[in-house]
Every structure is written in C-alpha cells, then in structure tokens.
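This report concerns only the one structure given below.
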Amino acid sequence: MRYLIKDASILNGKDVLKGQDLIIENGILLKQGAGLVDDDAQEIKGEDLWVLPGFCDIGAQVKDPGYEHREDIESLQKTASAGGYTHVAVFPNTQPAIHAKAEVKYIKNSQDKEIPCSLTAIGAITKDCAGVDIAEMLEMNEAGAVAFSDGRKSLQIGGVMMRALLYVKTFGGLVINRPEDESLFHEPQMHEGITSTSLGMRGQAGIAEELMLERDLSLLAYTDSRLLVYGISSAESVKKIRAAKKAGLKVSAAVNIWNLIFTDKDLSSFDTNFKLKPMLRSEEDRKALIDGLKDGTIEHVVSNHDAFDAEDKKLEFPYATFGAIALQTMFSAYDTYLSNELELHTFINAVSASNRALLGMPELELKEGEQVELCVFDRAAQWMYNEESNLSKCDNSPIFLKELKTKHILTIN
C-alpha cells in the first residue's frame, strides 16, 4: 500500500517538525518534505495530523489460548493497532500458561502478519503462574520470550522471587513483578480511604504494595539483577523507586494509564470498570505518579489491558473481576484527560521508546529508504468510543461510551 500523509506534525524527542508530507510504500519511507504530490498514493489528510513513533506495550493480557471468548490473538492485534501500537509484549496468564517454549512459539506463530502490530511473549516465572515452582525460563528465552513474570499474579514467596532474579541474570533477562502483599487485607475491593469507608467497601492501603516493593528492591540489590516494577500506584512507592535508582539498582517502574487519570473517588458510582489492580488510589497518589513520570523516576506507561465480558464485570461490585481494557484508547485518553498535566513528549516516550529499550528493541527513526513503524492521529478530531468503534471482544473500559479527543487514522509497520 502506498500512502501520502499530508501536512503533518512529526514529534522528534521534545521537538515538533510541522508541515511535513511523507510518502510511504509497503512500510518504506520513500520521501519526506513539504508540498509533496503523488497521484498513485492514498492521501491521508486531517485538520491536525500527528505522526508519532509506533507505540509498544508491556503486559497486555492476550487470553489466547484458553479464554478466546474474551480476547484472542487477532482481536488483540486489531485493538492494539487501532490504538497506534506496533508491538505488544503479552503476559503469560493464558490456559495453559506461557510457561514453556511451546507456548512462546504459539504466540509467535499464531499472529496475523497483515495486521501492523506484532506480539511477543512474556514467559511465566513459575509453572501455571502458581507462584511455587520455577518454570523453564532459559528455554523460553531461547524461544523468544522477552521478559519473565507471573503477570497479574504477584510473586508472594520471597525465595521464588530471589531465584527468579538469579536465574534471569545468567542470560541478562528481565523480571517483571506487580507488588502486592495479598496477606495484609482480606478480599479488598478498592483503595482504603474516606471513599471506601463511605461506600462500605473493604479497602486496601498502599502499604500492601509498598511492603512487597521493599522486599523486591532488597532482593534486587542482593542479586544485582534486572527488575521492572509493574503498576505502581502510591506516592510512597514513587519515593522508594526514586531512592533505589539513586542507589544504582537496575530497576525501572511502569504505571498503568488509568492510575494517571482516575482516583478512588471515581468508584463512588459503583461502576465495575473502575475496579482495577493496582487499585485507583488518592488524588495525592495520582499526582505523585505524574511527578514521577516528569522527573524520570517512572519511565514506562502501560495499558494493563485485561478484557473481561459481562459474566465477569456486569455484576454487583464485590463479585466483579478486577481489570479493564485500554490499548485502543491510550492516546485518546491522554489527550482527553491528561494532556494538561503531562507534556506530550514525556507521554509518547513512556509508551514507545522507553518500553522498546527495556525489551531490547531498536530505537525508531524516520529515514528515507528504510522501514518505518509509526502511527498517525488527528488531534482535532473527536470520536465516540462505543460498540461500533471498539475492536476488542469486550467493553470493560472506564471510558466506554465516552466522546474522546484525538482519532486514530493509520498505523504502519
């Protein structure tokens, strides 16, 4: 396919190059400049077109094999591509879990090559993601696993976490863990605070996250390995990550998009689409997460995309499953709710270059004659996120049926 993208703004680091035309054929950038004409190309126009590097996500849930009725490989590729993503590394919480090389190869070989978003597997740390017996991480690494995690299941046993950090060190691998000590609070439904008390909900304080984070950072210092702390949500966690970085630990932190936008007060409506892990916490916590992105303490913004259907989400609040989808709406959510608080280049770096670098992927550049990975959005266009526009198999999003800024136009990979 041959495209002529007209009069676009191109983000290059902190700089913006305006009034640019691009001619791209079969993913190759043929020419870039101003005033370009090409009668053979499909012309891409908009009121405020932006060309951005293809986004990269870490830790979306693919659901295939085992839960294809919620999301399968093709539907995940489509919804991610429609959000500007050219690559997604998926968590291993499938059935069977991605805990051996066969499952890693299944993810690799089952994709639709015509969809401009590729998937790679994050291998399980333990068999069946059960948190007990270490899986064959070396074999999965050789088969193409880009990192290792039990995904939505936090590693509760310190000895297992230590062995995982030591194991991946032998081949320079990366451990990903979501810090949550599940023993502290019984069946929590939301963040512990004024809102949980007023709603009569069981709460979970930030200490559940912070205690496990302390453990993981201590084990990281002991093993001298590599760790991504996935989904931090509290102001105290930001402080701990900041101190760990200053101490020279090989640690990075990821924050989920919804924790940057919403707080525990948004659960007052009992909308189960706001029932998430990590919990939506206080406004103070939300602002601390944004500050952490601004000063580089937090380097990664992730979707935490987790599709669930009506049987799991459209229930009374205590019985609903934790989780929400986000891939298709990441940039629109930023422009609609977050752009006044966080600069564009900081957000784009956190959903693209930083995530790619952590996974060992090359930096994206626009060079004539070379393959490109990019996405195009019209920031002047609005769109309704509804059943017609949604490409996921599920609709469990906090912003479903909302009118959003910034419409996706094209993804090229």
Side-chain angles (χ1 to χ4, degrees), residues 1 3 5 8 10-17 20 22-32 50-60 76-77 80-81 83-91 104-105 107-109 111-123 140-149 168 171-176 226-228 230 250-254 296 298-303 327 330-331 344-377 410-413:
M1 191 69 185
Y3 297 102
I5 302 170
I10 299 174
L11 185 67
N12 182 18
K14 295 183 179 180
D15 300 323
V16 178
L17 190 60
Q20 294 296 293
L22 297 91
I23 299 175
I24 300 172
E25 184 173 25
N26 298 326
I28 305 293
L29 177 61
L30 301 182
K31 196 169 184 180
Q32 178 183 333
W50 282 72
V51 173
L52 304 169
F55 303 159
C56 173
D57 194 52
I58 300 173
L76 187 74
Q77 285 183 276
S81 175
Y85 284 88
T86 56
H87 186 84
V88 176
V90 298
F91 269 154
V104 173
K105 291 180 178 179
I107 298 296
K108 180 180 180 180
N109 296 330
Q111 299 174 48
D112 186 336
K113 304 300 184 183
E114 299 300 315
I115 301 173
C117 177
S118 60
L119 309 182
T120 52
I122 296 171
M140 286 189 283
N141 177 68
E142 293 171 348
V146 294
F148 297 90
S149 175
V168 301
F171 52 83
L174 173 71
V175 167
I176 303 173
R226 296 173 62 220
L227 172 68
L228 171 63
Y230 192 90
K250 299 170 189 173
V251 61
S252 52
I298 302 172
E299 301 163 86
H300 313 281
V301 174
V302 294
S303 72
L327 280 170
M330 284 286 283
F331 190 45
L344 176 66
H345 70 85
T346 302
F347 179 78
I348 296 302
N349 185 66
V351 296
S352 182
S354 289
N355 290 348
R356 292 179 65 90
L358 187 69
L359 298 179
M361 302 173 68
E363 184 178 353
L364 296 180
E365 296 181 293
L366 286 177
K367 287 187 177 181
E368 291 186 1
E370 295 190 7
Q371 190 81 28
V372 295
E373 288 185 40
L374 57 81
C375 51
V376 183
F377 288 85
L410 183 66
T411 298
I412 296 176
N413 181 9

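By the 6.0 Å contact criterion, CG on Asn12 is open, its count of non-hydrogen atoms from other residues, nucleotides or ligands being 12 or less. Remark: Lys113 NZ is packed, more than 12 non-hydrogen atoms of other residues, nucleotides or ligands lying under 6.0 Å away.
Expressed to the nearest 0.5 Å, how far CG of Leu29 lies from CD1 of Ile23 amounts to 9.0 Å. Taken from CD in Glu373 to CG in Leu364, the straight-line distance is 5.0 Å, to the nearest 0.5 Å. Between atom CD of residue Gln111 and atom CG of residue Leu119 there is a gap of 4.0 Å, rounded to the nearest 0.5 Å. We find the OG1-CD1 distance between Thr346 and Ile298 to be 12.0 Å, quoted to the nearest 0.5 Å. The OH atom of Tyr3 sits 6.0 Å away from the CD1 atom of Ile412 when rounded to the nearest 0.5 Å. The structure places CE of Met140 at 11.0 Å from CD of Glu142, a figure rounded to the nearest 0.5 Å.
Between Asp15 and Leu17 the shortest side-chain heavy-atom distance does not fall below 4.5 Å. Using a 4.5 Å heavy-atom threshold, the side chains of Val351 and Asp57 count as separate. Ser352 is not listed as a side-chain neighbour of Cys56, based on a closest heavy-atom distance of 4.5 Å or more. Taking 4.5 Å as the limit, some side-chain heavy atom of Leu11 sits within range of a side-chain heavy atom of Leu344. With a 4.5 Å cut-off on side-chain heavy atoms, Thr411 and Tyr85 do not count as touching. The shortest side-chain heavy-atom distance between Ile58 and Leu359 falls under the 4.5 Å cut-off. Looking only at side-chain heavy atoms (C-beta outward), Gln371 and Asn26 stay at 4.5 Å or farther from each other. Between Leu174 and Val168, the closest side-chain pair of non-hydrogen atoms is not below 4.5 Å.
The aromatic ring centroids of Tyr230 and Phe91 lie less than 6.0 Å from each other.
Considering all non-hydrogen atoms of both residues, Gly59 and Ile122 come closest at N-CD1, 3.9 Å. Here the closest heavy-atom approach between residue Ala8 and residue Ile5 is recorded as CB-CG2, 4.1 Å. Summarising the geometry of Leu228 relative to Ala254, their closest heavy-atom pair is CD1-N, 3.8 Å, with the distance given to 0.1 Å. Closest approach of Val88 and Ala80 over heavy atoms only: CG2-CB, 3.8 Å. The two residues Ser252 and Leu358 have their closest heavy-atom pair at OG-CD1, 3.6 Å. Scanning all heavy atoms of the two residues, the minimum distance from Ile348 to Pro53 falls at CG2-CG, 3.9 Å.
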(request) Apply side chain to side chain contact (heavy atoms under 4.5 Å, CB included) to the pair Glu370 and Ile28, showing each step before the final yes or no. (result) CA-CA 5 Å; Glu370 295 190 7; Ile28 305 293; 6.0 Å; no

(request) I would like to know whether Thr120 and Ile107 meet side chain to side chain contact (heavy atoms under 4.5 Å, CB included); could you show each step before the answer? (result) CA-CA 7 Å; Thr120 52; Ile107 298 296; over 6 Å; no

(message) side chain to side chain contact (heavy atoms under 4.5 Å, CB included), that's the test. Do Ile10 and Val16 meet it? Break it down for me.
(response) CA-CA 6 Å; Ile10 299 174; Val16 178; over 6 Å; no

(request) Mind running side chain to side chain contact (heavy atoms under 4.5 Å, CB included) on Leu76 and Leu327 for me, showing each step along the way? (result) CA-CA 9 Å; Leu76 187 74; Leu327 280 170; 3.6 Å; yes

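Ring geometry for Phe171 against Phe148 counts as perpendicular: the plane angle is over 60°, on a 0 to 90° scale with 30° as the lower cut. By the 30° and 60° cut-offs, the orientation of the rings of Phe347 relative to Phe331 is parallel.
Distance alone, capped at 3.5 Å, is enough to place a donor-acceptor pair between the Asn109 side chain and the Lys105 backbone. Checked by atom type and distance alone, the side chain of Gln77 pairs as donor or acceptor with a backbone atom of Cys117 at under 3.5 Å. Looking at Arg226, its side chain never comes within 3.5 Å of a backbone N or O of Val175 through a donor-acceptor pair.
Side-chain contact of Gln20 with Gln32: a donor-acceptor pair under 3.5 Å is present, judged by distance alone. A donor-acceptor contact under 3.5 angstrom links the side chains of His87 and Ser118, judged on distance only.
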